[in-house]
Amino acid sequence: MADSARAQKLVYLVTGGCGFLGEHVVRMLLQREPRLCELRIFDLHLGPWLDELKTGPVRVTAIQGDVTQAHEVAAAVAGAHVVIHTAGLVDVFGKASPETIHEVNVQGTQNVIEACVQTGTQFLVYTSSMEVVGPNVKGHPFYRGNEDTPYEAVHRHPYPCSKALAERLVLEANGRKVRGGLPLVTCALRPTGIYGEGHQIMRDFYHQGLRLGGRLFRAIPASVEHGRVYVGNVAWMHVLVAREEQRAALMGGQVYFCYDKSPYKSYEDFNMEFLRPCGLRLVGTRPLLPYWLLVFLAALNALLQWLLRPLLLYAPLLNPYTLAVANTTFTVSTNKAQRHFGYEPLFSWEDSRTRTIRWVQGVESSSQ
Ligand SMILES: NC(=O)C1=CN([C@@H]2O[C@H](COP(=O)(O)OP(=O)(O)OC[C@H]3O[C@@H](n4cnc5c(N)ncnc54)[C@H](O)[C@@H]3O)[C@@H](O)[C@H]2O)C=CC1
Ligand SMILES: CC(C)CCC[C@@H](C)[C@H]1CC[C@H]2[C@@H]3[C@H](O)CC4=CC(=O)CC[C@]4(C)[C@H]3CC[C@]12C
């Protein structure tokens, strides 16, 4: 990199910057991107914690806005060098309609791309998901696969469908000429199930365990492996790829799974790595209920959700989709990000675990 480029002061925009992952990306950029001079945080709901960031050397601009509104996105993007697009509607529980999920995740992403093209922003990093690959509707296992592993990616649920469409839009936009004539450089990161400080579902499991007298009951066989990655490492990967795609063309149009050294385990056994030190235990070495009964209960929940919809929102954790995801092996083993842009996890497994446990313990004391 030329010295002039190294000295360049950069403006970054993080969409969804107040979400679980977005907040970690924002904090990581402030800690680890020395060329940053302005950080724009665009979100539908701005968090009160943003105020504490405004006293540092980097100009932090909070923008309350909606990615489905093209003019709001274009105004936020104008003048930014890099956009990290994490905003999305993460709903696998039926809280939002399929149309809303599509509008936010697909149209919102299209708006971000068009804004980059119109205003001359050259670098775009998109937070995709493992869900764009699988598990597929047939429940085929994906066992420690990588970005090139053949897999029949067929979806019906609105969330993975929307993420897959949005990812395609982002990758197809790579190379489009932005205002000023330079080519747009895009890439997509595909986290597996993210965990760490701020993880809402972990919090829900923790509270459920407390309600059940300190116990959780095994629902899924321990042999089903589920990919997990620490939020700090996902954030670090975003910061690094955003930095490195400005130097090398190699990353343009590429997808990368997000990975670290978190162990391969079932969804529930993995959660117990954090919940056990907080006083919960997982009952049963095998699932307590037969699988057919879980399928029945999941279908019943879906029916109840549909019947109750005119009266109230019934959105339990267990539904046919979440059961299928939790019950299908999906893990990655890859070093593509290391090869292409020198990614190494910033947080070891031990560190990720300790940080997450401390956070769950904080949840406990703050709710007492
Ligand atoms: N949580 C996970 O395990 C995984 C998440 N992802 C992806 O990571 C990204 C971030 O997910 P999380 O942080 O978990 O979710 P989150 O719900 O905590 O964060 C999403 C953020 O986007 C914002 N947002 C939603 N709709 C918006 C709109 N119309 N306009 C502007 N902002 C809007 C929300 O207010 C929120 O702050 C998403 O794109 C998701 O698909 C990918 C893989 C795994
Ligand atoms: C008691 C049930 C059988 C257990 C339910 C657990 C589920 C709620 C979660 C199991 C797997 C999770 C998903 C997975 O980690 C992949 C994801 C990627 C994303 O991009 C968004 C979130 C999610 C779909 C995640 C959602 C919760 C689970 C389905």
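Both ligands and their constituent atoms are indexed starting at 1 by order of listing.
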Should [X] be listed as contacting ligand 1, given a heavy-atom distance under 4.0 Å as the test?
X    : value
G47  : no
C18  : yes
G198 : no
D43  : yes

*For atom 29 (N) of ligand 1, grab the closest protein heavy atom and report residue, atom and distance to one decimal in Å.*
D66 OD1, 2.8 Å

*asked:* Among all the protein's non-hydrogen atoms, which is closest to atom 18 (O) of ligand 1, and how far away is it?
replied: F20 N, 2.9 Å

Can you name the atoms of ligand 1, numbered from 1 with element, that are less than 4.0 Å from a heavy atom of [X]?
X    : value
Y159 : 6 (N), 40 (C), 41 (O)
G65  : 30 (N), 31 (C)
H45  : 35 (O)

Close-contact set for ligand 2 against [X] heavy atoms, below 4.0 Å:
X    : answer
V92  : 24 (C), 26 (C)
G193 : 15 (O)
Y159 : 19 (C), 20 (O), 21 (C)
S129 : 18 (C), 19 (C), 20 (O)

*Would you call R40 and E38 a salt bridge, using N to O less than 4.0 angstrom?*
yes

*Is the closest basic N to carboxylate O distance between E244 and R247 below 4.0 Å?*
yes

_Heavy atoms only, cut-off 4.0 Å: how does H226 contact ligand 2, side chain, backbone, both, or neither?_
side chain

*asked:* Side chain, backbone, both or neither: which applies to I201 and ligand 2 if a contact is any heavy-atom pair less than 4.0 Å apart?
replied: side chain

*Of the listed options (I201, T127, T86, T192), which comes nearest to atom 38 (C) of ligand 1 when hydrogens are ignored and any heavy atom counts?*
T86

*Compute both the distance and the angle, then confirm whether R144 meets the cation-pi test with Y264: under 6.0 Å from the six-membered ring centre, within 45 degrees of the axis.*
yes

